[in-house]
Amino acid sequence: MTELMADSVINKEWLEWYGDAWRVYEDYLKQKDILIKRIGTLKAVSYDKDKVINGSSSHLSEQERYTMRLEKINSYIKECEEILLPAKERLKQHIRRIKKAEYRKILILRYIERWKWTDIIQECFWYEEDINTNFEKYKDKCLFWNRSALKQLEEITEKPYIKAETQLNLLGKET
């Protein structure tokens with residue numbers, strides 16, 4: 001999973017991996033919420049922070065089993081965050097390098113904000129009077145922009161990127 005992460009080119013395959021990883025992360029967050037609600041019905045104690053140290057699972061109480069499951073979910077969430085948050089920052093960094101504003105907007109809405117295509121089309125063309133009657137026309141335009149943006153993003157990530165603050169100043173001027 002992490003082999004796609006390390007300085008690889010951001011292409012369609014990378015973005016699919018990224019989207020799948022976010023879905024897994026969101027699933028763990030939902031599981032955690034459900035489990036916390038169940039624990040809340042048992043007692044008014046926060047088992048989210050308690051460590052369970054019990055050797056035999058056959059002698060565990062319901063609260064202890066829930067707490068152990070919550071600890072496992074929390075560790076999965078932490079692992080996902082350690083991978084996804086740097087990947088998200090890297091993606092944002094490279095999206096900023098794209099010149100056309102429409103392309104940047106589509107990439108941000110689709111891959112950072114994780115919007116559905118119908119919402120993206122509405123957001124991009126809300127001012128058009130015929131959007132409801134010619135929706136397919138605007139959908140095609142939006143998908144064309146997305147393909148072009150993905151192509152540019154792939155080309156941009158193939159070139160090395162050096163942050164401005166780490167670049168060597170050859171002219172002797174302050175930046």
Side-chain angles (χ1 to χ4, degrees), residues 1-98 103-123 142-143 146-147 149-163 165-166:
M1 180 165 128
T2 57
E3 63 274 358
L4 283 172
M5 252 300 301
D7 299 322
S8 64
V9 174
I10 296 177
N11 54 19
K12 191 170 180 143
E13 180 183 89
W14 190 94
L15 290 169
E16 286 173 4
W17 162 82
Y18 179 76
D20 291 342
W22 271 103
R23 281 187 280 285
V24 168
Y25 175 69
E26 289 168 348
D27 186 47
Y28 284 135
L29 291 176
K30 287 177 190 174
Q31 287 180 29
K32 180 179 178 175
D33 288 342
I34 291 168
L35 199 55
I36 287 174
K37 288 177 185 174
R38 286 185 185 166
I39 290 172
T41 62
L42 298 175
K43 282 191 173 183
V45 176
S46 173
Y47 288 97
D48 187 22
K49 297 181 179 107
D50 293 342
K51 280 277 190 197
V52 177
I53 304 169
N54 194 337
S56 172
S57 62
S58 62
H59 300 292
L60 294 176
S61 68
E62 194 171 12
Q63 292 91 341
E64 290 172 322
R65 282 194 299 276
Y66 281 160
T67 305
M68 290 174 71
R69 178 69 185 141
L70 188 59
E71 288 174 355
K72 188 178 283 188
I73 290 172
N74 282 338
S75 70
Y76 292 150
I77 289 172
K78 186 177 179 185
E79 285 177 26
C80 287
E81 286 174 347
E82 289 173 355
I83 294 169
L84 285 173
L85 296 180
K88 185 177 185 176
E89 287 306 311
R90 179 171 179 252
L91 182 58
K92 284 181 186 179
Q93 176 184 38
H94 289 296
I95 288 174
R96 281 187 218 112
R97 296 172 63 196
I98 292 178
Y103 293 0
R104 285 193 309 267
K105 184 174 186 176
I106 294 235
L107 291 174
I108 288 169
L109 293 177
R110 183 65 182 165
Y111 300 106
I112 302 292
E113 301 294 326
R114 305 179 32 76
W115 285 22
K116 296 185 184 311
W117 280 115
T118 53
D119 298 332
I120 294 171
I121 295 164
Q122 289 289 337
E123 175 68 22
C142 213
L143 293 176
N146 183 59
R147 285 190 301 274
L150 289 176
K151 186 176 179 182
Q152 278 190 16
L153 185 64
E154 187 172 350
E155 290 170 1
I156 284 171
T157 57
E158 286 176 350
K159 300 173 191 170
Y161 175 72
I162 302 170
K163 293 182 183 179
E165 61 266 8
T166 60

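Residues take their numbers from the sequence shown, with the count starting at 1. The shown structure was predicted, so the numbers you read here are calculated from the model rather than taken from an experiment.
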Quiz item: Which is it for Ile106 and Trp117 under the side chain to side chain contact (heavy atoms under 4.5 Å, CB included) test, yes or no, and what are the steps along the way?
Solution: CA-CA 9 Å; Ile106 294 235; Trp117 280 115; 4.2 Å; yes
Self-check item: Residue list, ring pair (Phe, Tyr, Trp, His ring centres under 6.0 Å) with Tyr111, at least two apart or on another chain
Solution: none
Atom [atom1] of [X] and atom [atom2] of [Y]: how far apart are they, to the nearest 0.5 Å?
X	Y	atom1	atom2	value
Leu29	Ile34	CG	CD1	11.0 Å
Leu70	Arg38	CG	CZ	12.0 Å
Gln122	Lys116	CD	NZ	14.5 Å
Ile39	Lys32	CD1	NZ	10.0 Å
Ile120	Trp115	CD1	CH2	7.5 Å
Ile121	Leu109	CD1	CG	11.5 Å

side-chain hydrogen bond (donor to acceptor under 3.5 Å, both in side chains) involving [X] - partner list, sequence neighbours excluded:
X	result
Glu81	Tyr25
Asp33	none
Arg69	Gln31

Determine the minimum heavy-atom distance between [X] and [Y], stating which atoms define it.
X	Y	result
Trp14	Ala87	CH2-O, 3.8 Å
Ile95	Leu153	N-CD1, 4.1 Å
Arg90	Val9	NH2-N, 4.4 Å
Ile98	Arg104	O-NH1, 2.7 Å

Quiz prompt | salt bridge (charged side-chain N to carboxylate O under 4.0 Å, His left out) involving Glu82 - partner list, sequence neighbours excluded | solution = none
Quiz item: Got a sec, which residues hit salt bridge (charged side-chain N to carboxylate O under 4.0 Å, His left out) with Glu113, two or more places apart in sequence or on another chain?
Solution: none
Quiz item: Does a salt bridge link Asp20 with Arg23, judged by any charged N lying under 4.0 Å from a carboxylate O?
Solution: yes
Quiz item: Any chance the side chains of Trp22 and Tyr18 put a donor and an acceptor closer than 3.5 Å?
Solution: yes
Quiz prompt | 4.5 Å side-chain heavy-atom contact, Leu15 and Ile10 | solution = yes
